[in-house]
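Down below is the structure, laid out as structure tokens.
Hydrogens, waters and symmetry mates are skipped; everything else that's a heavy atom, side chains included, is used.
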Amino acid sequence: MDSVVSEPLPSADTDGEPLKAWQRDRTRAPVATKIVVAGGFGVGKTTLVKAVSEIEPLQTEALMTEASVGTDDLSATPEKTTTTVAMDYGRITLDDDLVLYLFGTPGQQRFWFMWDDLVRGAIGAVVLADTRRLDECFPALDYFESCGLPYIVAVNHFDGSERFDEVDVRDALTVPPHVPILIMDARHRISVVETLLAVVRQALESSPA
């Protein structure tokens, strides 16, 4: 009987990027988890996903038109010309076999009807906050509290914004003591990775099983 020899797996993907451990070994299955990134309009959700995604992120950005005048507040982000109308999607592999799939929600109220679908199957969430308009965090905080999804609050500091301590942010948002609050920068990969690891830890502590 002729022996069957499997073809060796390539060491890099089509873009020349080195393959992950679970991509090189067919016997290893990654632990795939879903994390939701939520928050107000223009708070940095798309930037966060783009900063860490190891694949070309899927973005549903649309140009803002005059129809949004009076609806979308651009006072804190006057340079913003596009907005997410469905979701952002990216992927990052941590610790060889831990794969995080990131889903960024749209920020405007008129798109909130999609949140239930985006949150389904997630282990946890990041609520991004801008200290110039903390009140825009409350819808996301209320949503995750009501559905029981573990979450953390990540304060994304913008250039020129006033910096506040974690204690001040917790008091302003009335966030429970067990919910971590991080000060981060959505533009920097290391800062985002630390934030995502905090979400994973929070999910494990909330649902150790």
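- Under the side-chain contact (heavy atoms from CB on, under 4.5 Å) criterion, Glu145 pairs with Tyr151, Pro176, sequence neighbours left out.
- The two residues Val43 and Arg133 make their nearest non-hydrogen contact at N-NH2, 4.0 Å.
- Residues passing the side-chain contact (heavy atoms from CB on, under 4.5 Å) test with Ala122 are Lys34, Val36, Leu149, sequence neighbours excluded.
- With Thr195 as the fixed residue, the side-chain contact (heavy atoms from CB on, under 4.5 Å) test singles out one of Val153, Ile183, Leu182: Leu182.
- Pairing each heavy atom of Arg170 with each of Pro177, the nearest pair is NH1-CA, 3.6 Å.
- Side chain of Ser53 to main chain of Val49: no donor-acceptor pair is present (N/O by atom type, distance under 3.5 Å, no hydrogens or angles).
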### Test log, rule side chain to side chain contact (heavy atoms under 4.5 Å, CB included), inputs Phe103 and Val119
CA-CA 8 Å; Phe103 289 77; Val119 168; over 6 Å; no

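- Side chain of Thr47 to backbone of Ala186: no donor-acceptor contact under 3.5 angstrom is found.
- Here the closest non-hydrogen pair linking Leu134 and Ala172 is CD1-CB, 3.9 Å.
- Side-chain atoms of Ser206 do not come within 3.5 Å of backbone N or O of Ala203 as any donor-acceptor pair.
- By the 4.5 Å heavy-atom criterion applied to side chains, Leu118 and Tyr89 are not counted as neighbours.
- Val31 is connected to Leu100 through a chain of hydrophobic side-chain contacts under 4.5 Å among Ile, Leu, Val, Met, Phe, Trp and Tyr, so both are in one cluster.
- The distance from the CD1 atom of Ile55 to the OH atom of Tyr101 is 8.0 Å, given to the nearest 0.5 Å.
- Here the closest non-hydrogen pair linking Val192 and Met184 is CG2-CE, 4.0 Å.
- Side-chain atoms of Asp130 and Glu136, non-hydrogen and from C-beta on, never get closer than 4.5 Å to each other.
- Between Val127 and Val175, every side-chain heavy-atom pair lies at or beyond the 4.5 Å cut-off.
- Every residue meeting the side-chain contact (heavy atoms from CB on, under 4.5 Å) condition with Val199, not counting sequence neighbours, appears here in chain and number order: Ile35, Val126, Ile152.
- Linking ILVMFWY side-chain heavy atoms closer than 4.5 Å, directly or via other members, places Phe138 and Ile181 in a single hydrophobic cluster.
- Neither side chain, Asp185 nor Ser191, offers a donor N or O lying under 3.5 Å from an acceptor on the other.
- Arg189 meets the salt bridge (charged side-chain N to carboxylate O under 4.0 Å, His left out) test with no other residue; sequence neighbours excluded.
- Applying the side chain to side chain donor-acceptor pair (under 3.5 Å) rule to Arg201 yields no partners; only residues at least two apart in sequence or on another chain are considered.
- For Thr131, the side-chain contact (heavy atoms from CB on, under 4.5 Å) test picks out Val155, His157, Ser161, Phe164, with sequence neighbours left out.
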### Task
Go through the steps to decide whether Leu196 and Leu102 satisfy the test side chain to side chain contact (heavy atoms under 4.5 Å, CB included), and finish with yes or no.
CA-CA 9 Å; Leu196 296 176; Leu102 310 178; 3.9 Å; yes

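- Formation of a donor-acceptor pair under 3.5 Å by the Lys50 side chain with backbone atoms of Arg187 is not found in this model.
- When all heavy atoms of Gly40 and Lys45 are compared, the pair lying nearest together is O-NZ, 2.7 Å.
- Pairs passing the side chain to side chain donor-acceptor pair (under 3.5 Å) check and including a residue from residues 171-182, sequence neighbours excluded, do not occur.
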### Query
Step by step, would you call Asp88 with Leu48 a side chain to side chain contact (heavy atoms under 4.5 Å, CB included)?
CA-CA 10 Å; Asp88 297 309; Leu48 183 151; over 6 Å; no

